[in-house]
Structure formats: structure tokens, C-alpha cells
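We count ligands from 1, going down the list as the structure has it; atoms in each ligand are counted the same way.
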Amino acid sequence: MFGIYAPGHEVSRLSYFALYALQHRGQESAGIAAADRGGHIITRRELGLVSQVFTENDLHTLAGELAIGHVRYSTTGSNAWENSQPVQRSAGRNGTSRELALAHNGNLINAVELHDELSERGVTFSSTSDSEIVAALIATHPAERIEDAIADVLPRLRGAFSIVVMTKDRVVAFRDPHGLRPLALGVLKPTEPGGEVRHCVASESCALDIIGATHLRDVQPGEVVTLSEEGVQSRVVTPDARKAFCVFEYIYFARPDSRMHGQVLQVARGRMGEILWREAPVEADLVIAVPDSGNAAARGLARASGIPQDDGFVKNRYVARTFIQPGQELRKHGLRLKFNPLPEVIAGKRLVVVDDSIVRGNTTRQIVQMLRDAGASEVHMRISAPPIKHPCHYGIDMSTREEMIAHGRTTDEVAEELGCDSLHYLSLEGVYEAVGATRATHCDACFTGQYPLDRTGEAGGKYALEGGAVGREADEPGSSSAQSGESQALPLVRA
Ligand code: AMP
């Protein structure tokens with residue numbers, strides 16, 4: 001997710017490059033909305049990767065002075081064009097009309113309740129995503145100033161949300177009171193000496209880096225930040241909520257070159273590898289990573305142990321989630337489409353194999369088998385996250401409880417299921433030590449089942465706003481399309 005107010009800059013092109021840097025956060029659809037002050041908002045959105053969605057011509061059409069952009073990874077609503085973002089809405093209020101575009105990172109847990117309330121007021125929807133509900137709440141709000149509308153709507157939203165909204169003359173960004181999902185504020189250098197300083201926001205600081213912006217600070221939980229002709233204005237709407245930043249962002253989700261809470265993730269992940277070694281040393285000949293998700297932790301483990309490290313696999317970089325499902329003949333090769341092991345490196349070796357996380361165990365099971373087939377004499381798995389046992393309701397599609405291999409199994413039982421000689425998961429204390437943070441300000445519900453938000457009255461699930469599935473439980477088997485059924489033979493691929 002990205003937002004920029006920058007007259008004098010090519011805002012749609014900067015949005016395009018920022019989204020390119022954020023592609024790992026969502027591969028289902030991409031979109032940019034742009035406006036010149038006083039003009040209309042134009043949105044281009046489509047299913048597919050950033051590189052597939054936008055042409056040079058689109059970027060010309062999206063010319064303007066302010067823009068927002070989004071890449072989608074679905075947690076509420078299916079992978080359909082209607083659910084792609086930015087969402088554009090307009091509504092008549094007090095004889096005038098408010099036109100806005102909105103992009104959302106996160107997941108609301110009271111979407112059904114808000115949807116029903118708006119429907120009763122006669123508001124209609126063209127998608128089944130929770131994000132359009134927020135757009136409708138803000139568009140129809142009677143307040144004159146968009147910031148006042150947002151300040152009133154924000155406390156009514158429950159769950160995870162980092163959101164950017166644009167009107168014809170400003171970009172307003174806000175973050176949920178718990179700060180579950182990240183949002184970074186950046187400053188752009190003037191295009192000419194003495195020119196105006198302009199600002200932008202992005203889900204991760206890596207997007208700021210690649211457009212030449214400087215990471216000023218993170219948007220605070222519960223803060224509403226306006227980027228406009230007046231520069232940056234801020235107000236904190238809900239200062240007192242329990243902070244609950246997602247610990248899985250550090251472990252897996254965010255790019256290693258992003259900075260969160262003062263930590264460069266590559267460095268924090270390296271420390272996770274060092275701590276993994278301290279917690280579970282083993283006699284071995286070689287450390288290898290499951291590329292790319294295990295790279296940084298494998299380097300840390302090799303550093304701490306003094307065991308040599310090498311590439312055990314060559315990874316095909318072009319396998320994405322949208323990859324065409326293989327036929328029966330190829331399916332039995334499973335992960336070979338993504339990872340090809342190097343027998344010359346592996347044969348006869350006692351291996352320490354490092355990956356970031358195990359969800360259903362399909363990836364690890366096949367990795368272990370591939371390494372054995374390539375001649376490894378021992379395979380010791382080291383995972384830089386604790387066992388994942390509980391679904392995420394706050395914006396990460398974690399599969400269902402029943403599908404999670406660690407659900408209801410001890411670590412030894414999981415090791416046996418996976419066919420490895422030993423398995424160690426990083427302890428929760430180890431995670432917090434590596435990132436220099438405490439549980440009190442973070443969310444680790446996927447590991448502990450302790451959800452930081454009160455879940456009373458919560459209804460939902462990915463398809464909660466879709467016909468026939470209203471109220472379906474998030475933990476119900478099969479409620480996660482991207483990770484179920486035929487796709488199981490393939491990895492849960494994130495570039
Ligand atoms: P699994 O085969 O279900 O155990 O998937 C585990 C692999 O998927 C690990 O290598 C992770 O890097 C990656 N992964 C972990 N969580 C997610 C997620 N929420 N979405 C996509 N991929 C994930």
C-alpha cells in the first residue's frame with residue numbers, strides 16, 4: 001500500500017515503483033488511483049502482478065499530483081476483480097458530493113456488523129471485501145472535512161487496518177489503534193533546489209528507499225496523517241489502546257531490507273538464526289537455507305555455529321502464487337518446480353536446513369524428501385518461528401487450525417511427520433530477543449492463541465461478505481482458498 005502527495009513529481013510512476021517494491025505483500029491484484037487537484041480521481045486496477053497490470057500508457061493516463069496504490073493478498077473476500085483496490089466511491093452529502101479512493105492493508109473483524117448497518121441505510125456494495133465498507137463509511141459521513149470523518153469512523157473499525165484515502169486534493173493515511181500492520185511515512189527530496197518538500201506513506205520502508213524517499217518515522221497506532229499542500233498534519237485519535245504489532249512481519253512477511261520499529265529485518269532475522277543455534281546446536285557438516293525465506297536466518301546460524309554454509313537449492317524466481325497448476329505428471333514432483341536441489345553440494349552431508357516457518361508442513365516435508373533423494377545423510381530442520389497453531393484474524397492468510405501441522409502435535413511428532421532427523425522451532429522468547437521487543441506491544445496470536453483484541457461478537461472468515469457464506473468461521477476447514485485443495489502440492493509462494 002502506498003500514498004503520495006507530490007505536485008511536481010511523477011506520482012503514478014513513483015506509485016508504480018513503490019508497488020513493485022511491495023509486490024511480496026500481495027500478488028493477486030494491483031491498482032493505482034491518481035488525481036490532479038480539482039480534477040477527477042482515475043483508478044486503474046486489475047488482477048495480476050504489478051508488472052502485468054500497468055502499461056506505460058496507463059501511467060500517462062494516471063497523471064496527477066497525488067496518488068495511492070495497492071497490491072492485494074486476500075484475507076476478506078475472494079480473489080476477484082471486484083475486490084481489487086484502490087476502491088473508488090462517491091456519495092452525495094449535504095448537497096455536495098465526496099469522491100474518494102481508498103486502499104487497505106489488514107483485516108476487519110467487525111465487517112459483517114458494519115456491512116449490515118450500512119445496508120440498512122440503503123448503501124449498496126459492488127465487492128465482498130471489508131475495504132469497501134470503510135470507503136462507504138467515510139464517503140457517506142456528514143463531516144465537512146475528510147479528516148473529521150475519518151476520526152469519527154476510525155474508532156468504529158475493529159481489527160487490523162493501515163489505510164490510505166485520497167480525495168481530489170489530499171492523501172490521508174491512518175493506522176488502527178493497536179498498530180497491527182505497518183505504515184511508514186517518508187519525505188521526498190525537492191525536484192529542484194529550493195523546491196517544496198513532499199511526502200508519501202508506504203506499508204514498508206523498502207518502497208520509500210527505491211523511490212529515493214527518506215523514512216521519516218512510522219505512522220503511530222491510532223494516528224491520522226494528512227499529506228497536502230500544507231505539508232504533513234497529524235492527530236492521534238485513539239492513543240490508549242494496547243499496542244499489538246504483528247511479530248510475523250519481522251519473521252516472514254516483510255522484506256528483509258525494510259526497517260520496522262528501528263530494526264532492519266535482515267539483521268533481526270540473522271539474529272534469529274544465531275539464537276536458533278544457541279537453543280538447539282547439532283553436529284553437522286553444512287548449513288543450507290530454504291531460499292529465500294530462510295536466507296538471513298541461515299547466515300546467522302552459520303555465523304554462530306562456524307559450520308560452513310552453501311546453496312543446497314537453486315530457486316526458480318518466477319514461480320508465483322498465480323502459477324498455472326501442474327498436471328498429474330508434474331504434481332508428483334511438487335516443489336521441484338520452485339526448488340531444484342544440488343546433489344553435488346548435498347550428497348553424504350549432515351545438513352542443518354533453515355526456513356522461516358512451517359504452516360501446513362507441505363513445503364518442509366517435500367524439502368526433506370528432496371534432500372534425502374539428493375543423498376543427504378542427515379537433515380536437521382531449524383525454523384526461525386515458533387510452531388504456528390492458530391489462524392490470524394488480522395491480515396495474514398495462515399490457513400486453518402486443522403490444516404496446521406503443529407496443531408495438536410508435539411515437536412517430536414511434527415518431526416516424525418516431516419521425516420527429518422531433528423526439528424527445532426525458535427522459542428517465542430528467542431523471537432523477541434532477536435527483534436529487541438516485548439510481548440506487551442506485539443501480537444503473537446498465531447503462535448500462542450492469545451488474540452490481543454476482544455473477539456466478542458466477532459463473526460467473519462474470508463468469505464463472510466459473500467452470498468451463502470455469511471458468518472462462516474475463520475477457522476473452518478477450507479475457508480482459505482489460496483492455501484487449500486489442489487494447490488497443496490505447490491508451495492505457498494511469496495516472491
Ligand atoms: P507450508 O507448506 O504450509 O508449511 O508453508 C510454509 C512455507 O510457506 C514457508 O516456507 C513460509 O516461508 C511460507 N509461508 C509462511 N506463511 C505464509 C503465508 N501466510 N502466506 C504465504 N506463505 C507463507
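Between V290 and ligand 1 there is no heavy-atom distance shorter than 4.0 Å. Not a single heavy atom of F253 lies less than 4.0 angstrom from ligand 1. At least one heavy atom of I358 sits less than 4.0 Å from an atom of ligand 1.
Note on ring orientation: taking the six-membered ring where Trp is involved, the planes of Y250 and F245 are perpendicular (angle over 60°, cut-offs 30° and 60°). Using a 30° and 60° split on the angle between ring planes, H442 and H261 fall in the tilted class, from 30° to 60°. Under the 30°/60° scheme for interplanar angles, the aromatic rings of F248 and Y252 are found to be tilted.
Taking a cut-off of under 4.0 Å to the non-hydrogen atoms of I396, the atoms of ligand 1 that pass are 19 (N). If you number the atoms of ligand 1 from 1 as listed, the ones under 4.0 Å from a heavy atom of R360 come out as 1 (P), 3 (O), 4 (O). Interface of S293 with ligand 1, defined as ligand atoms under 4.0 Å from a residue heavy atom, comprises 10 (O), 12 (O). Near D356, with a cut-off below 4.0 Å to any heavy atom, the atoms of ligand 1 are 9 (C), 10 (O), 11 (C), 12 (O). Every atom of ligand 1 with a heavy atom of Y73 under 4.0 Å away is listed here by number and element: 18 (C), 19 (N), 20 (N).
The closest side-chain donor-acceptor pair between D355 and S293 falls under 3.5 angstrom. The closest side-chain donor-acceptor pair between T400 and E403 falls under 3.5 angstrom.
Between the side chain of N110 and the backbone N or O of R156, at least one donor-acceptor pair lies under 3.5 Å.
Taking 4.5 Å as the limit, every side-chain heavy atom of I32 sits out of range of all side-chain heavy atoms of D58.
Considering backbone and side-chain atoms together, D397 places an N or O closer than 3.5 Å to an N or O of ligand 1.
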